[in-house]
> 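Sharing a structure, written as structure tokens. Questions coming.
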2 protein chains.
Amino acid sequence: MLSKKTQYAFHALIHLAENQDKGPILISEIAQEKNISIKFLENILLELKNAGILGSKKGKGGGYYLMKPPKEIALAKIIRLLDGAIALLPCVSLNYYERCENCKDEAICGLNEVMSKVRDASLKILENKTLKDILTRQVTI
Amino acid sequence: MLSKKTQYAFHALIHLAENQDKGPILISEIAQEKNISIKFLENILLELKNAGILGSKKGKGGGYYLMKPPKEIALAKIIRLLDGAIALLPCVSLNYYERCENCKDEAICGLNEVMSKVRDASLKILENKTLKDILTRQVTI
DNA sequence: CATAAACTCTATAAAAAAGATAGACTTATT
DNA sequence: AATAAGTCTATCTTTTTTATAGAGTTTATG
């Protein structure tokens with residue numbers, strides 16, 4: 001399960017993407033719109049900024065904005081940034097690998113093999129789907 | 001990421017499956033073989049027993065054993081039992097659903113749509129792969 | 001039937017992670 | 001100068017995870 005942090009990040013990014021034309025967006029606006037604690041959201045947006053995903057402007061008329069078009073922001077990147085590994089086991093993680101301490105040889109471990117497949121199946125989606133793909137779908141009347 | 005509890009459960013089940021012919025297996029044997037704290041493992045095996053996956057025999061010559069053939073024990077079942085939801089978001093979980101508190105309408109939420117796909121991709125593997133599929137692969141000389 | 005072996009059960013504790021809050025500071029606009 | 005807004009660091013609370021303790025129960029067996 002993704003942490004609240006990552007969940008909030010997605011919702012904030014969605015709001016920013018859907019309001020790109022309006023210039024910098026206030027933290028407080030996002031917090032209110034998405035029902036998130038403003039102080040908690042502050043930390044999250046800052047992390048996204050430090051990772052180069054968001055930009056910000058201080059002072060009056062300031063706020064946060066996307067640094068790249070939504071279609072260039074992969075969902076996997078956000079998850080890894082805020083939650084760490086996407087894989088179900090450390091011994092199968094591409095970015096946060098750790099040796100398995102319970103099995104004798106990962107190369108012949110069947111669990112390792114299956115969990116690698118789960119990782120690949122998830123990544124196939126999360127690496128290719130972007131912020132653009134999770135914007136609110138327009139309902140055609 | 002799966003909890004240690006679930007990871008240990010998998011390793012314990014693997015050991016039990018690979019030694020099915022030897023009658024009940026001691027907790028202490030599994031703990032030593034798989035490098036797991038014996039007391040922690042005790043709790044895990046008990047949970048697996050209460051869920052009907054393992055059986056046990058008390059007293060001398062006792063221990064734990066599988067209640068079903070390995071090919072009938074799906075990996076998804078073990079994860080759900082010990083870790084809960086497999087989905088990345090509560091609003092997308094089949095067994096542990098919770099309403100999304102940050103979006104206005106799940107039906108048109110793009111995040112919900114993508115995460116449903118991730119869930120399905122993971123479940124396709126985890127519901128179909130069983131304990132039999134994660135046993136140590138025999139290396140043919 | 002006594003003994004020892006082994007699982008059972010409940011409680012608790014320690015550690016880590018998650019979630020949230022506080023407040024002083026800096027920058028920018030008007 | 002005043003105000004609006006992000007920045008930064010620290011701290012705190014709660015929850016979850018991981019682990020341990022110990023008394024209780026069951027069973028085999030000599």
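So that the names make sense, note that chain A is the first sequence line, chain B the second, and so on, each numbered from 1.
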> Among residues 21-28 of chain A, which residues get a heavy atom nearer than 4.0 Å to DNA chain D?
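Residues of residues 21-28 of chain A under 4.0 Å from DNA chain D: A:Ile25, A:Leu26, A:Ile27.
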
> For A:Ile30 and D:dG6, what is the distance between atoms CD1 and C1' respectively, to the nearest whole Å?
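Atom CD1 in A:Ile30 sits about 12 Å away from atom C1' in D:dG6.
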
> Which pairs pass salt bridge (Lys or Arg N to Asp or Glu O under 4.0 Å) with one or both residues in residues 76-95 of chain A, sequence neighbours excluded?
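Applying salt bridge (Lys or Arg N to Asp or Glu O under 4.0 Å) to every pair that reaches into residues 76-95 of chain A, excluding sequence neighbours, yields A:Arg80-A:Glu127.
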
> Where along nucleotides 11-25 of chain C does protein come under 4.0 Å, by heavy atom, of base (B) or sugar-phosphate alone (S), with - for untouched nucleotides?
--------BBBBB--

> Grab the NZ-P distance between A:Lys60 and D:dA5 for me, whole Å please.
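Atom NZ in A:Lys60 sits about 7 Å away from atom P in D:dA5.
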
> Inspect the surroundings of CE in B:Met67 and state if more than 12 heavy atoms from other residues, nucleotides or ligands are less than 6.0 Å away.
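Counting other residues, nucleotides and ligands, CE of B:Met67 stays at 12 neighbours or fewer.
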
> Take the protein atom CD of A:Glu47 and the nucleotide atom C1' of D:dT9, then report the distance between them rounded to whole Å.
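From A:Glu47 CD to D:dT9 C1': 14 Å.
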
> Enumerate the salt bridge (Lys or Arg N to Asp or Glu O under 4.0 Å) contacts for residues 87-105 of chain A, please, sequence neighbours excluded, ordered by first and then second residue.
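Pairs touching residues 87-105 of chain A that pass the test: A:Lys104-B:Glu33.
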
> Is it the case that one hydrophobic cluster holds both A:Leu46 and A:Ile79, taking links as side-chain heavy atoms less than 4.5 Å apart, direct or via other members?
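The answer is yes; both residues are in one hydrophobic cluster.
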
> Got a sec: does the NZ of A:Lys34 have more than 12 other heavy atoms crowding it under 6.0 Å?
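Yes - once you tally the heavy atoms of other residues, nucleotides and ligands closer than 6.0 Å, there are more than 12.
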
> Return no unless some side-chain N or O of B:Lys49 is found under 4.0 Å from OP1 or OP2 of C:dT8.
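Yes, B:Lys49 has a side-chain N/O under 4.0 Å of OP1/OP2 on C:dT8.
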
> So among B:Leu75, B:Leu135, B:Leu131, B:Ile30, which one has a side chain to side chain contact (heavy atoms under 4.5 Å, CB included) with B:Leu13?
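With B:Leu13 as partner, side chain to side chain contact (heavy atoms under 4.5 Å, CB included) holds for just one option, B:Leu131.
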
> Among residues 84-103 of chain A, which residues get a heavy atom nearer than 4.0 Å to DNA chain C?
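Nucleic-acid contacts, sorted: none.
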
> Just how far, in rounded Å, is P of D:dT27 from NZ of B:Lys58?
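The distance from NZ of B:Lys58 to P of D:dT27 comes to 7 Å, rounded to the nearest Å.
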
> Can you check the A:Leu46 CG to C:dT26 C1' distance for me, whole Å?
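These atoms are roughly 13 Å apart.
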
> Nearest to the side chain of A:Lys57, which nucleotide is it out of C:dA28, D:dC8, D:dA28?
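When the side chain of A:Lys57 is considered, C:dA28 is the closest of C:dA28, D:dC8, D:dA28.
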
> Measure from CE on A:Met1 to P on D:dT17 and round the result to the nearest Å.
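Those two atoms, CE and P, are 11 Å apart.
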
> Nearest-Å distance, CD (B:Gln7) to P (D:dT18)?
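Interatomic distance, CD of B:Gln7 to P of D:dT18: 8 Å.
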
> Measure OH/B:Tyr65 against P/C:dA6 and give the value in whole Å, please.
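Atom OH in B:Tyr65 sits about 16 Å away from atom P in C:dA6.
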
> Using salt bridge (Lys or Arg N to Asp or Glu O under 4.0 Å) as the criterion, list what pairs up with A:Glu72, not counting sequence neighbours.
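Residues passing salt bridge (Lys or Arg N to Asp or Glu O under 4.0 Å) with A:Glu72: none at all.
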
> With side chain to side chain contact (heavy atoms under 4.5 Å, CB included) as the test, pick out the partner of B:Phe10 among A:Leu111, A:Leu89, A:Asn102.
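Of A:Leu111, A:Leu89, A:Asn102, side chain to side chain contact (heavy atoms under 4.5 Å, CB included) with B:Phe10 is met by A:Leu111 alone.
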
> Give the minimum heavy-atom separation between B:Cys100 and B:Glu106, together with the two atoms involved.
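Shortest heavy-atom contact: N-OE2, 2.8 Å.
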
> Which heavy atom in A:Lys49 sits nearest to a heavy atom in A:Gly55, and how many Å separate them?
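Smallest interatomic distance, heavy atoms only, reads CG-CA, 4.4 Å.
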
> Report the C-alpha separation of B:Val92 and B:Val118 in whole Å, then their side-chain angles, then the decisive distance to 0.1 Å, and conclude whether the side chain to side chain contact (heavy atoms under 4.5 Å, CB included) test is met.
CA-CA 10 Å; B:Val92 136; B:Val118 175; over 6 Å; no

